[in-house]
J.: 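Got a structure for you, written out below as structure tokens; questions coming shortly.
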2 protein chains.
Amino acid sequence: MTALALPGSHTQDNGVTPNEFREGEAMTSRNKVLHFAGRRAVDCLSCRSSPFCFTGRLPVDEVPELGDIMRRRATLDKGDLLIAQGSPFTSLFVVRSGSLKQVTTTASDEYLVTALFLPGELIGLDAIGEGRYPGSVVSLETATVCELPFTEFSELGTRVPELRRRFLCHLSQELGSERLWMRLLLRRTSEVRLAHFLVAMSEHFRRRGYSPHRFRLAMSRGDIANYLGLTMETVSRTLVRYREQELLATRGQEFHILDMPRLERLAETSGRRSSVG
Amino acid sequence: MTALALPGSHTQDNGVTPNEFREGEAMTSRNKVLHFAGRRAVDCLSCRSSPFCFTGRLPVDEVPELGDIMRRRATLDKGDLLIAQGSPFTSLFVVRSGSLKQVTTTASDEYLVTALFLPGELIGLDAIGEGRYPGSVVSLETATVCELPFTEFSELGTRVPELRRRFLCHLSQELGSERLWMRLLLRRTSEVRLAHFLVAMSEHFRRRGYSPHRFRLAMSRGDIANYLGLTMETVSRTLVRYREQELLATRGQEFHILDMPRLERLAETSGRRSSVG
DNA sequence: CGTAATGTTGACACTAATCAACAAGAGTGG
DNA sequence: CCACTCTTGTTGATTAGTGTCAACATTACG
């Protein structure tokens, strides 16, 4: 894992002097300096993530300034660090392609995968309040992200109530789904947790126009396990059980859902006890 | 459980015609009609929750309009329904005294305690995005809440950027702590989960000027269990173990922490495996 | 091609869920 | 005020499900 940007003390060095880079400048995997696209309008309309990402819900042509303040950040390689835990919050990031994970190291040195980010998703929502990023964000594969400097975004929100409203809704939804999804996870077996996770991934790919039956997940078994509160061994064994039941085939990071209806049914299987309050 | 306000079709009948009630009007436990304090300024300064609740962070005298749009809702009795799951989102509520739980019933008829609300906390943050309340909110004991009609609150935010900013920060923090706290819970034993919960409760009381060592939790063992993703039996047994270790004494809903440092250490005990990514 | 990282499989221990029986309170009506 | 009932909480026996440790297989990578 190579530190790319340390938005802490190194912010000025690494990224916030973007105008010296030309948009679309190529970057080799050796080049460990972050490149921005400068302040020129990022073409959100041509972005594959657009219809699904937060900005996409607000047609960009209604708020051209949004494209103005959005900067395209050059490609991240697998293992590159986008954000270091604890560094001061400056920007949100929109995933354009690829995927990333957020890992938080606790006081007792636990390593927790606290979020996974797929194309279209917003990184940094949980950093606004504290003014610091609560975890490191690491690229799981070759990925591109757009940077949304928060000060400017916020200032734009002042002038565009609709943008503000949508952003608030997005944040609220994120909170709601996190509350619900986590409470569910707490009461589910590994089999159901994993099924739920896979269905969610599948759904994400489906919405983005990719096959919901075949996809590649760049994260390791360990990351999946950690994210779901399981161990790698359990994830591995559960996947074997799926294969035995001809629910799902896997080969490395390739996932092939063989029986979607059954997987979905499994994912919806209620927890253990009804627990009448 | 008696339905008090069904903010759905009954909204107009039950609450949103507040001006007919005088502030502070008494309400017997038989009187099942919600009483508002009307549009007169609620005295946030005299409110015990004030320094800790969201509005408290923004001195009320800086934003007198906030008191203007805040309505005090009359006392809820134990078991009273403040919000019905799925009803349209209209208002946020600030807990003034007492405590409430949010329960979500899933498609598969699971009963999940998705949130607990103590004095000073904001109810409804997870409802903004969907426009509906994601769960029913039920009073766990005699409680009072202030209502913050969202349209007016939002409109006020337009004029007061600082209010907006603080609200956003609050929401973001809520998301961050939910993400972290839940990931932690997933990897902890019942003993550590419960310890963590009790320490959090204790902390809450301490901040509000009450004893952090002795307090009453109005929720049942079942609710605690559900909230932590455990069963009532496990909670009960774990409490017994605490008592044997002279960590904590309980009598019904009364909790008496005997050895805070040890309980805190227990709560911070790392999960199981380090899970190196 | 060799080394390290990642994933799989097996044996075993242990936690917490389940089922069931019982105890203790809270609420109700006589 | 007491008997009755209903809810809530406690305790015990049992078992399913996962974590843990360890060995081995596979893949990725230089």
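So you know, we letter chains A, B, ... as the sequences are listed, proteins then strands, and number each from 1. Quick caveat: nothing in here was measured; it's all calculated off a predicted structure. All heavy atoms count here, side chains included; hydrogens, waters and symmetry mates do not.
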J.: OP1 or OP2 of dG19(D) sitting under 4.0 Å from any side-chain N/O of Thr231(A)?
T.: yes

J.: Can you check the Leu185(A) CG to dT18(D) C1' distance for me, whole Å?
T.: 15 Å

J.: Looking only at side-chain N and O atoms, does Thr104(A) offer a donor or acceptor that is under 3.5 Å from a partner on Thr114(A)?
T.: yes

J.: Take atom CZ of Arg193(A) and atom C1' of dG19(D), then tell me their distance rounded to the nearest Å.
T.: 12 Å

J.: dA17(C) P sits how many Å from Glu191(B) CD, rounded?
T.: 13 Å

J.: Taking the inter-plane angle between the rings of Phe215(A) and Phe255(A) on a 0 to 90° scale, is it parallel (under 30°), tilted (30 to 60°) or perpendicular (over 60°)?
T.: parallel

J.: Take atom CZ of Arg188(A) and atom C1' of dA17(C), then tell me their distance rounded to the nearest Å.
T.: 15 Å

J.: Does the side chain of Arg132(A) pick up a donor-acceptor pair with the side chain of Ser87(A) at under 3.5 Å?
T.: no

J.: Separation of Arg251(B) atom CZ from dA26(C) atom P, in whole Å?
T.: 10 Å

J.: What is the distance, to the nearest angstrom, from the NZ atom on Lys78(B) to the P atom on dT8(D)?
T.: 8 Å

J.: Inspect the contact between Glu174(B) and Arg179(A) and indicate whether a charged nitrogen and a carboxylate oxygen are less than 4.0 angstrom apart.
T.: yes

J.: Rounded to whole Å, how long is the line connecting atom CG of Leu194(B) with atom P of dT15(C)?
T.: 16 Å

J.: Can you measure Leu228(A) atom CG to dT18(D) atom P for me and round it to whole angstrom units?
T.: 12 Å

J.: In terms of side-chain geometry, is the basic nitrogen of Arg241(B) or Glu191(B) positioned less than 4.0 Å from the acidic oxygen of its partner?
T.: yes

J.: Taking 4.0 Å as the cut-off, does a side-chain nitrogen or oxygen of Thr189(B) come that near to OP1 or OP2 on dT15(C)?
T.: no

J.: Are any protein N/O atoms closer than 3.5 Å to N/O atoms in nucleotides 7-14 of chain C? If there are, list each pair with its distance.
T.:
| residue | atom | partner | partner atom | Å |
| --- | --- | --- | --- | --- |
| dG7(C) | OP1 | Arg221(A) | N | 3.0 |
| dG7(C) | OP2 | Arg221(A) | N | 3.3 |
| dT8(C) | OP2 | Arg221(A) | NE | 3.2 |
| dT8(C) | OP2 | Ser236(A) | OG | 3.0 |
| dT8(C) | O5' | Ser236(A) | OG | 3.2 |
| dG10(C) | N7 | Arg237(A) | NH1 | 2.9 |
| dG10(C) | O6 | Arg237(A) | NH2 | 3.3 |

J.: Centre of Tyr210(B)'s six-membered ring, under 6.0 Å away, within 45 degrees of the axis: is that where NZ or CZ of Arg216(B) sits?
T.: no

